[in-house]
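This report concerns only the one structure given below.
Everything numeric in this text was worked out from a predicted model, so none of it was measured. In the text below, chain A, chain B and the rest are named by the order of the sequence lines, each starting its count at 1.
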Amino acid sequence: MELTVTSRQEGARTVISVSGEIDVYTAPSLRERLNELVASGHYDLVVDMEGVEFLDSTGLGVLVGGLKRVRSHDGTLRLVCAQEKILKVFRITGLTKVFPIHATLEEALADTSSTPDGADA
Amino acid sequence: MELTVTSRQEGARTVISVSGEIDVYTAPSLRERLNELVASGHYDLVVDMEGVEFLDSTGLGVLVGGLKRVRSHDGTLRLVCAQEKILKVFRITGLTKVFPIHATLEEALADTSSTPDGADA
Amino acid sequence: MSTVALRFSPAAEHVRTARLVAVAVARRAGLGEDQLDAIRLSVGEMCARAVRRCGDTGVTEPMLVEVDDAGPRLEIVVTDSADAAEGDDEYVALALVRGLSDDMDLGDGPGGRGGRVWLSWDRSAD
Amino acid sequence: MSTVALRFSPAAEHVRTARLVAVAVARRAGLGEDQLDAIRLSVGEMCARAVRRCGDTGVTEPMLVEVDDAGPRLEIVVTDSADAAEGDDEYVALALVRGLSDDMDLGDGPGGRGGRVWLSWDRSAD
Ligand SMILES: Nc1ncnc2c1ncn2[C@@H]1O[C@H](COP(=O)(O)OP(=O)(O)O)[C@@H](O)[C@H]1O
Ligand SMILES: Nc1ncnc2c1ncn2[C@@H]1O[C@H](COP(=O)(O)OP(=O)(O)O)[C@@H](O)[C@H]1O
């Protein structure tokens with residue numbers, strides 16, 4: 001199971017659907033894709049992780065890198081994930097406080113806040 | 001993925017649905033199940049292999065053993081399998097000439113012949 | 001140095017793990033789905049054979065599966081420490097493996113007769 | 001003798017294979033799904049760490065993952081031949097593994113500092 005990354009535009013947002021395993025071997029291809037999107041002017045990203053079967057700290061690093069990149073352009077990076085085993089990885093590493101994480105894509109697209117807990121929504 | 005074996009009666013036939021991997025580790029449990037059925041007077045068996053993901057020669061040995069057992073009671077053992085990778089195992093070992101193999105359960109239940117090629121149907 | 005090697009006690013429960021390893025390495029090496037099916041079955045058969053040989057002769061030393069994807073062919077070697085002449089029950093397993101691999105050879109292992117099997121697949125076949 | 005050992009060159013492409021092996025052995029040993037998720041991630045993290053350590057220090061000797069299910073705990077040891085002080089980039093990986101295993105220890109390996117990690121899971125935890 002390799003990593004598959006596809007992206008499409010939804011209004012002002014760019015939805016990146018990731019499926020497969022994000023690990024030390026595949027994470028570089030996700031990093032490359034995120035970098036390309038930001039380089040081509042896409043600063044409001046939603047990474048849909050519903051199809052992700054495995055995520056390690058290399059993958060977390062790529063997501064944090066993407067977040068830093070869009071923020072330097074006043075952009076946002078939202079995550080869509082409802083899988084407990086993946087959420088656990090964000091929780092243990094404290095990254096639930098850094099990323100806005102939504103249970104569904106609809107919810108992520110409806111969210112117009114810019115902080116993780118939606119305080120300024 | 002362990003092996004799961006369930007059985008039910010369909011008229012005079014006993015349908016045995018097998019799913020998972022039939023290999024050197026799991027084949028003994030299938031052998032035991034077939035032996036129990038024959039011992040309790042079930043001599044017309046249909047082994048539905050649609051859910052089988054892997055089959056090795058140990059598994060073939062168990063099926064051949066089952067066939068011998070029901071034949072000693074003038075019974076039958078039909079197989080249901082449409083998966084090319086599984087059919088290949090029967091073909092290479094010449095067992096397509098020994099077992100009646102059907103693409104669907106309906107076809108297997110409709111078959112009233114007693115030889116592999118249905119010559120006497 | 002691109003060999004992946006799995007060492008385990010000759011027990012039937014570990015054969016599935018050996019299949020997983022061989023298929024994972026072969027998939028990364030770019031072999032096609034039909035070849036992966038052939039590798040899964042061949043490695044399973046040869047490991048089951050080794051487990052049986054060890055069981056029959058009371059050998060408990062670990063067996064070894066080596067998968068080498070460095071060359072033009074994917075090469076797999078299965079080694080056990082048993083010393084046993086070819087058994088009647090091996091016929092079907094060996095026929096299957098001969099039918100599914102691009103090359104197959106049987107030789108002696110560290111413990112004696114029949115303890116090593118070489119299997120190989122051409123990368124370009126698919 | 002119920003150890004399953006996987007030896008491979010320290011390359012990222014083999015880390016998935018190591019995860020597969022650890023999870024396959026743990027599943028057969030009867031551990032629960034939550035524990036299997038924890039083992040998958042922990043072994044993946046520690047192998048990724050070893051690959052990085054070897055890459056950073058130019059080490060090409062094979063690394064080793066051993067899974068032992070003989071005792072009351074499932075024990076896993078990941079060994080590499082690099083000699084490297086703890087890197088800043090290891091912090092997250094180590095935090096994850098500490099959070100997911102029932103016991104975790106870091107020690108020296110055959111090549112020097114930090115080359116061996118012990119992980120263990122209680123069988124009864126689920
Ligand atoms: N895939 C292989 N990898 C490593 N060694 C092999 C492999 N195949 C064969 N050998 C070794 O080479 C010897 C000769 O085999 P080979 O060159 O394939 O000739 P043949 O198949 O015609 O007997 C075998 O007995 C074995 O020792
Ligand atoms: N799961 C294990 N398997 C094998 N050896 C271990 C394992 N855990 C720890 N060790 C060894 O035992 C030493 C002491 O570890 P341990 O008894 O767990 O104490 P602590 O975790 O409190 O440091 C470690 O440094 C390591 O050498």
| request: Would you verify whether the NZ or CZ of C:Arg19 falls within 45 degrees of the ring axis of B:Phe54 while also being under 6.0 Å from that six-membered ring's centre? | output: yes

| note | From the list C:Val15, C:Leu96, C:Leu100, the residue making the most non-hydrogen contacts under 4.5 Å with chain B is C:Leu96

Using 0.5 Å steps for rounding, measure from the [atom1] atom of [X] to the [atom2] atom of [Y].
| X | Y | atom1 | atom2 | value |
| --- | --- | --- | --- | --- |
| B:Thr26 | C:Glu13 | OG1 | CD | 12.5 Å |
| B:Asp23 | C:Cys47 | CG | SG | 10.5 Å |
| B:Glu53 | C:Arg40 | CD | CZ | 9.5 Å |

| query | Is there any residue in residues 86-95 of chain B with a non-hydrogen atom under 4.5 Å from a non-hydrogen atom of chain C, and which ones are they? | reply | B:Lys88, B:Val89, B:Ile92, B:Thr93

| request: Examine whether an atom of C:Glu45 lies under 4.5 Å from a heavy atom of chain B, and if so say whether it belongs to the side chain, the backbone or both; otherwise answer neither. | output: side chain

| task | Check whether more than 12 heavy atoms from other residues, nucleotides or ligands sit under 6.0 Å from atom CZ of C:Arg116, and answer yes or no. | result | yes

| message | Quick check: under 4.5 Å, non-hydrogen atoms only, which of residues 80-94 of chain C neighbour chain B? | response | C:Val92, C:Ala93

